Amino acid sequence: MIGESAPQRDSAGEPRLHFGGSAQTERQMWTDLNAWMHMQALQWEPAGARLLAELGDGQERRALDLGCGPLGWLRLLSSWVGPAGKVVGTEGTEDTAEPARLTVRSEGLNNVSVVVDDVFDSWLPSSSFDLVHARFLLAPLGRHEEQLATYRRLVKPGGWLVLEEPDLGAWRYNPDAPATQRLWDLTLQFVARVGRDASVGRQLYGMLRRHSEKPELRAHVLALPPGHVYRTVPLVSAATLRKAFIEEIGEEELDSLFARSEEELRDPERWCTSFVLVQAFARLP
């Protein structure tokens with residue numbers, strides 16, 4: 001599972017479903033995946049650190065990490081803005097904000113706070129941040145224009161908007177892992193059927209081009225060695241969609257795919273390349 005943020009809520013307080021499952025199932029899924037999302041954020045921290053270094057000195061500035069999950073960019077932005085700066089992370093519910101607050105407390109990030117906010121109905125004041133960052137929110141939520149309107153509104157004139165989204169084309173096992181690839185293909189087909197673009201990273205330049213004359217792009221791929229837990233992205237993603245896959249291919253075939261995938265991923269020689277993390281960033285007028 002790529003997403004890092006908890007689901008946004010509707011006006012009745014129920015989660016807006018990312019992939020069409022039941023509200024209870026999604027609630028449980030996101031609770032269980034806190035550790036996974038923390039691990040995922042760690043994998044991409046070096047890429048984030050390199051981008052912030054390009055942007056220059058952030059001391060005393062205000063930065064926002066939308067849908068931060070349990071870690072996100074909170075630690076990176078805390079260092080970038082320095083002791084006199086301010087970082088705000090957002091999550092969709094109090095339950096999912098608490099793991100991020102635990103990170104803040106345990107790491108002594110005294111310039112960071114975590115608040116509950118809905119990207120589709122944000123209470124955060126306009127033009128209040130020098131940098132707004134959002135990672136893996138466009139792909140699962142799929143309401144790109146509404147999301148970008150919120151992001152744009154929150155950035156101060158002359159501030160930075162930084163987007164990070166996947167391009168899944170690079171994900172490949174070496175040697176091939178047919179059962180794991182089959183689970184991955186099923187997941188991508190399902191995501192497409194419910195109207196999401198799992199490779200929305202390919203669109204980021206065009207999205208930012210509508211708001212800035214000179215957006216910039218960076219791309220990063222991880223080489224995941226044998227035994228690395230992040231190689232299990234297809235298995236974890238498929239597990240969250242088990243009910244849908246049973247309806248599509250039957251429980252017996254699905255269980256066989258899971259068993260064979262687990263065996264493939266135990267292979268001490270099997271490594272893989274990750275999806276491409278596409279970074280698009282621009283200074284907004």
Side-chain angles (χ1 to χ4, degrees), residues 1-8 15-44 67 69-71 91-93 95-96 99 135-137 139-142 165-166 168-173 176-200 222 224-267 270-275 277:
M1 182 60 65
I2 294 170
E4 288 186 6
S5 173
Q8 303 293 319
R16 292 192 177 94
L17 302 180
H18 292 189
F19 297 121
S22 71
Q24 181 60 41
T25 297
E26 183 161 284
R27 234 182 253 118
Q28 187 64 38
M29 179 184 78
W30 285 98
T31 300
D32 291 344
L33 285 177
N34 271 321
W36 172 268
M37 292 187 288
H38 192 282
M39 178 277 298
Q40 177 172 248
L42 289 174
Q43 309 310 309
W44 299 112
L71 176 59
E91 263 300 321
T93 70
D95 286 346
T96 56
R135 177 166 62 198
F136 302 155
L137 291 185
L141 295 178
E165 293 290 338
L168 301 185
W171 196 279
R172 182 178 178 84
Y173 291 94
D176 290 340
T180 309
Q181 186 63 50
R182 172 65 172 147
L183 289 172
W184 194 225
D185 291 342
L186 286 168
T187 299
L188 300 186
Q189 291 162 14
F190 179 88
V191 169
R193 283 200 303 274
V194 298
R196 305 296 192 264
D197 183 355
S199 288
V200 71
L222 302 175
L224 303 171
H228 197 295
V229 67
Y230 204 31
R231 297 174 310 136
T232 64
V233 165
L235 190 59
V236 173
S237 298
T240 67
L241 298 170
R242 178 179 176 83
K243 182 178 179 181
F245 291 170
I246 288 175
E247 294 175 357
E248 182 173 353
I249 66 173
E251 189 168 14
E252 183 176 353
E253 182 178 348
L254 182 61
D255 286 343
S256 175
L257 281 173
F258 275 118
R260 284 153 40 207
S261 174
E262 289 171 0
E263 182 177 355
E264 289 170 352
L265 294 173
R266 284 195 294 268
D267 183 343
R270 183 167 278 112
W271 63 284
C272 80
T273 49
S274 73
F275 57 80
L277 177 74

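Just so it is clear, the model here is predicted, and its values are computed rather than measured. Nothing fancy with the numbering, it's 1 onward along the sequence.
- Every residue two or more places apart in sequence or in another chain that forms a side chain to side chain contact (heavy atoms under 4.5 Å, CB included) with Ser256 is listed here: Arg260.
- Inter-residue side-chain proximity for Pro70 and Met37 is flagged as met; some heavy-atom pair is nearer than 4.5 Å.
- Side-chain N or O atoms of Asp176 include none that pairs as donor or acceptor with a backbone N or O of Pro178 at under 3.5 Å.
- Here the side chain of Thr232 pairs no donor or acceptor atom with the backbone of Leu235 at under 3.5 angstrom.
- A 4.5 Å side-chain heavy-atom check between Trp171 and Leu188 finds every atom pair outside the cut-off.
- Pairing each heavy atom of Cys272 with each of Tyr173, the nearest pair is CB-CD2, 3.6 Å.
- The two residues Ala170 and Thr273 come nearest to each other via the heavy atoms O-OG1, 2.7 Å.
- Atom-to-atom distance recorded for Ser237:OG and Leu186:CG is 12.0 Å, nearest 0.5 angstrom.
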Exercise answer: donor-acceptor pairs, residues 244-253 side-chain atoms, under 3.5 Å, sequence neighbours excluded:
{"residue": "Glu248", "atom": "OE1", "partner": "Arg193", "partner atom": "NH2", "Å": "3.2"}
{"residue": "Glu251", "atom": "OE2", "partner": "Arg242", "partner atom": "NH2", "Å": "3.3"}

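- What you find for Leu265 and Arg231 is that their closest heavy atoms are O-NH2, 2.6 Å.
- Not a single donor-acceptor pair under 3.5 Å links the side chain of Ser261 to the backbone N or O of Leu257.
- Between Phe258 and Leu183, the shortest heavy-atom contact is CD2-CD1, 4.0 Å.
- Within the 4.5 Å cutoff, the side chain of Arg135 has no heavy atoms near those of the Glu165 side chain.
- The aromatic rings of Tyr230 and His228 are tilted relative to each other, their planes meeting at an angle between 30° and 60°.
- The side-chain heavy atoms of Leu222 and Phe275, taken from C-beta on, include no pair separated by under 4.5 Å.
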Q: Test side chain to side chain donor-acceptor pair (under 3.5 Å) on Asp185 and Gln189 and set out the steps.
A: CA-CA 6 Å; Asp185 291 342; Gln189 291 162 14; 5.4 Å; no
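- Heavy atoms from other residues, nucleotides or ligands lying under 6.0 Å from CD of Glu263 number 12 at most.
- Residues Trp271 and Leu224 have side chains not in contact (no heavy-atom distance under 4.5 Å, counting atoms from C-beta outward).
- Side chains of Leu42 and Trp44 form no contact here, defined as non-hydrogen atoms less than 4.5 Å apart.
- Residues Ala198 and Pro166 come closest through the heavy atom pair O-CG, 3.3 Å.
- Counting all heavy atoms, side chain and backbone alike, Ser199 lies closest to Asp197 at N-OD1, 2.9 Å.
- Between the side chain of Arg196 and the main chain of Pro140, a donor-acceptor pair closer than 3.5 Å is present.
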